[in-house]
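Structure record follows, encoded as structure tokens.
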Amino acid sequence: MPAVASFRARASAPAPEMPSFSSGASPQKQQHNARRKQLIRQQRKSLPIASVEKRLVDEVRKNDTLIVVGETGSGKTTQLPQFLYDGGFCQDGKVIGITQPRRVAAVTVAKRVAEECNDQLGRKVGYSIRFDDSTSNATRIKYMTDGLLLREALLDPLLSKYSVIVVDEAHERTVHTDVLLGLLKKVQHSRCLHANKNGKISGRPDHSQSSTLKACQGIKIAPLKLIIMSASLDAKCFSDYFGGAKAVHIQGRQYPVDTLYTYQPESDYLDATLVTIFQIHLEEGPGDILAFLTGQEEIESLERLIQERARQFPADSSKIWITPIYSSLPSEQQMNAFKPAPSGARKVVLATNIAETSVTIPGIKYVIDPGMVKARAYNPVTGMESLIIIPVSKAQALQRSGRAGREGPGKCFRLFQECEFDKLAESTIPEIKRCNLANVVLQLKALGIDDIIGFDFMEKPSRTSILKSLEQLILLGALTDDYKLSDPVGKQMARLPLDPMYSKALIVSNEFKCLEEMLIVVSMLSVESIFFTPREKLEEARAARKSFESSEGDHITLVNVYRAAAECLEKSKNANAKEKTMEKALNRWCFENFINYRSLRHARDVHSQIQGHVQQMGLNLSSCGDDMVQFRRCLTAAFFLNAAMRQPDGSFRALATGQSVQMHPSSVLFRTKPDCVVFNELVRTTQNYVKNLTRIDPLWLAELAPQYYATED
DNA sequence: GAGCACTGC
């Protein structure tokens, strides 16, 4: 066991603002109602942003683009749109759009603002996220996810119904935010030219804008106001990107957080976390502890270690109550982290990154930050994705420490030396530089942006990564040989909110008369893991899966699961059950069959959305019935880029890249010896693994994908 | 015989 970690203090900086879950309490009595209104008025008035309302609105009037840096608790997300509404930015029925990176934020903030406006949600104030639209013609303040606004741009390239677009949490730099910023810059430019043209002021002709401009000729349209909101202090990069746009700073309201570092480097951060938890528990005053770990496995093993250590304490000492929280944990168990600790006990929340931005846990006074994070990495040359544990960035560390100062002064224990903090990267590498770009490229092409390499990204992805995506889209038939969006295949693919390879699979399956089966497959492949295998019930989980297994592979197994679930719903429907009862029955069925209910629910949502799209495209919901050869041939035609051949040593060779890969043990084919498979996922962990497999006849490759395999023997 | 942070359309 290493020596007890010891710490020294350094003044902390405020952390960025995060949306938090509102309690959603609904007033019942009128008196209660009046009190609540009064309270809301007071709260609004006391927000730091309230004192600069007039100045802010003036700045938006004067500047086409404004950068707003707002610290935690400044109220920018809820207040600024209301200021703009009151300032007359919704005249002529125009809408103020506010984008968020996360669905839950769009919903909770919209609810809060509707309440502040004393109006029903969905009228003046609404939200729109995938699968859930709560807006109407009357909506003037619209909260939405950034990805949804990108989709809207496909239908309305000038985003003509918006007078102002506010991009919130821009510092997070998600792929969607980055693409949106590039697009908005272009749209703003187009609308400016357009307005000038209509006003008989001659704008310089701009050929890059011609397609979008042409689409909107004859429509009266005003310039677009852009507001970029960021919580971090890096306003300069946004300002530079938008031609030196003005930046304003809004004070936050956050309690001070004492930050402490270790004197020595810690070789084992898990053990150091364990030691620090007990150090806080024994030496510090009341308050809950939040420890950031990298994944489920670390959380589970630390939980066991804490319990072991706690047993060595005298029975009358105060107790520790451990609540893990990570994304794949079923919601009921996640909720424990939000409950107060039993009296006399201290709550210790062991969390992944989920507690960094996505959820705010009440009662936290102490944060433990080992300074590591599990991050996705992508190799554009091999197409290989992997998850690696790397040091956090400074911005991330600040975000984590800020979690200790939400309700009162707090302390953050960083399990590394102060000199190490100074060496950390300023901010996390934007996602656009570490993911597959096929979807981004397809979207941009569909928006009429032909020159992807020359596109004005805030931070350009590598040339290799862009070229690789272009190449993949050509192979899928979405682009022609001269990099133009193909018609109808490319256009259809761009309309579908799916991975391009899955979109192509749907189009192919229409020709193979098995669209129904493929629709289920791509829906199931588009969501998080369907099977839930708790460590302590491994055998039971395996037995449950057996009843769905197909010897042909994982794709047909997924179809079987989906259909069994649909049958379960059908049964309770025939028993005239209400929707709520039906969902309950499905939930129970999932539990009994070791299926992740949340994932299945999500897959059903995707299924119904995509079904709507393909029907609109005029495709037929055909089924191949029991002809599984036909379906496997279809999978081959769709996923030919992901084919692998068995080698004499039992490993596989991915045909497109020549990489040596292994079957993942989670595949139903794992104990069998197929000669040739198509797969959907290639991940690197301890070795290269392929997941979601179906066995195919190797001869089908040359027959069904001759453009790719004809020259190979 | 492995193990997967987090989002989003």
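Just so it is clear, the values below take in all heavy atoms, side chains as well, and ignore hydrogens, waters and symmetry mates. The sequence lines fix the lettering, A, B, ..., with proteins before strands; numbering per chain opens at 1.
- Across all strands, A:L387 comes closer than 4.0 Å to base atoms (heavy-atom distances).
- Out of B:dA2, B:dC9, B:dA5, the shortest distance to the side chain of A:R130 is found at B:dC9.
- Between A:H555 and A:F639, the ring planes lie parallel to each other; the angle is under 30°, not in the 30° to 60° tilted range.
- Closest-nucleotide positions on DNA chain B for A:S666 and A:D499 were compared, and the one nearer the 5' end corresponds to A:S666.
- In the set B:dC9, B:dC6, B:dA5, B:dC9 carries the atom at the smallest distance from any side-chain atom of A:L148.
- Ion pair A:K76/A:D168 flagged as a salt bridge, since at least one NZ, NE, NH1 or NH2 atom sits closer than 4.0 Å to an Asp/Glu carboxylate oxygen.
- Side-chain atoms of A:D554 come within 3.5 Å of backbone N or O of A:V668 as a donor-acceptor pair.
- In terms of phosphate contacts, A:T174 brings no side-chain nitrogen or oxygen within less than 4.0 Å of OP1 or OP2 of B:dG8.
- Close to B:dT7, at under 4.0 Å from its OP1 or OP2, lies no side-chain N or O of A:T145.
- The main-chain N or O of A:E356 is found under 3.5 Å from a side-chain atom of A:R403 such that the two form a donor-acceptor pair.
- A:R684 comes within contact range of no nucleotide atom at all, as no heavy-atom separation falls under 4.0 Å.
- In the set B:dC9, B:dC6, B:dA2, B:dA2 carries the atom at the smallest distance from any side-chain atom of A:H664.
- Taking only side-chain atoms of A:R671, from C-beta outward, the nucleotide of B:dC9, B:dG1, B:dA5 with the closest atom is B:dG1.
- Remark: the backbone N or O of A:N680 is not paired with any side-chain donor or acceptor of A:N692 at under 3.5 angstrom.
- Between B:dC9, B:dG1, B:dT7, one nucleotide has an atom nearer to the side chain of A:P497 than all others, and that is B:dC9.
- Backbone-only engagement by A:Y689 is indicated by non-hydrogen atom pairs under 4.0 Å involving sugar-phosphate atoms exclusively.
- Nearest nucleotide to the side chain of A:R103, out of B:dC9, B:dA2, B:dA5: B:dC9.
- A centroid separation of less than 6.0 Å is found between the aromatic rings of A:H607 and A:Y562.
- Using bins of under 30°, 30° to 60° and over 60° for the plane-to-plane angle, the ring pair A:Y689/A:H664 lands in the perpendicular bin.
- A heavy atom closer than 4.0 Å to some atom of DNA chain B occurs in no member of residues 436-444 of chain A.
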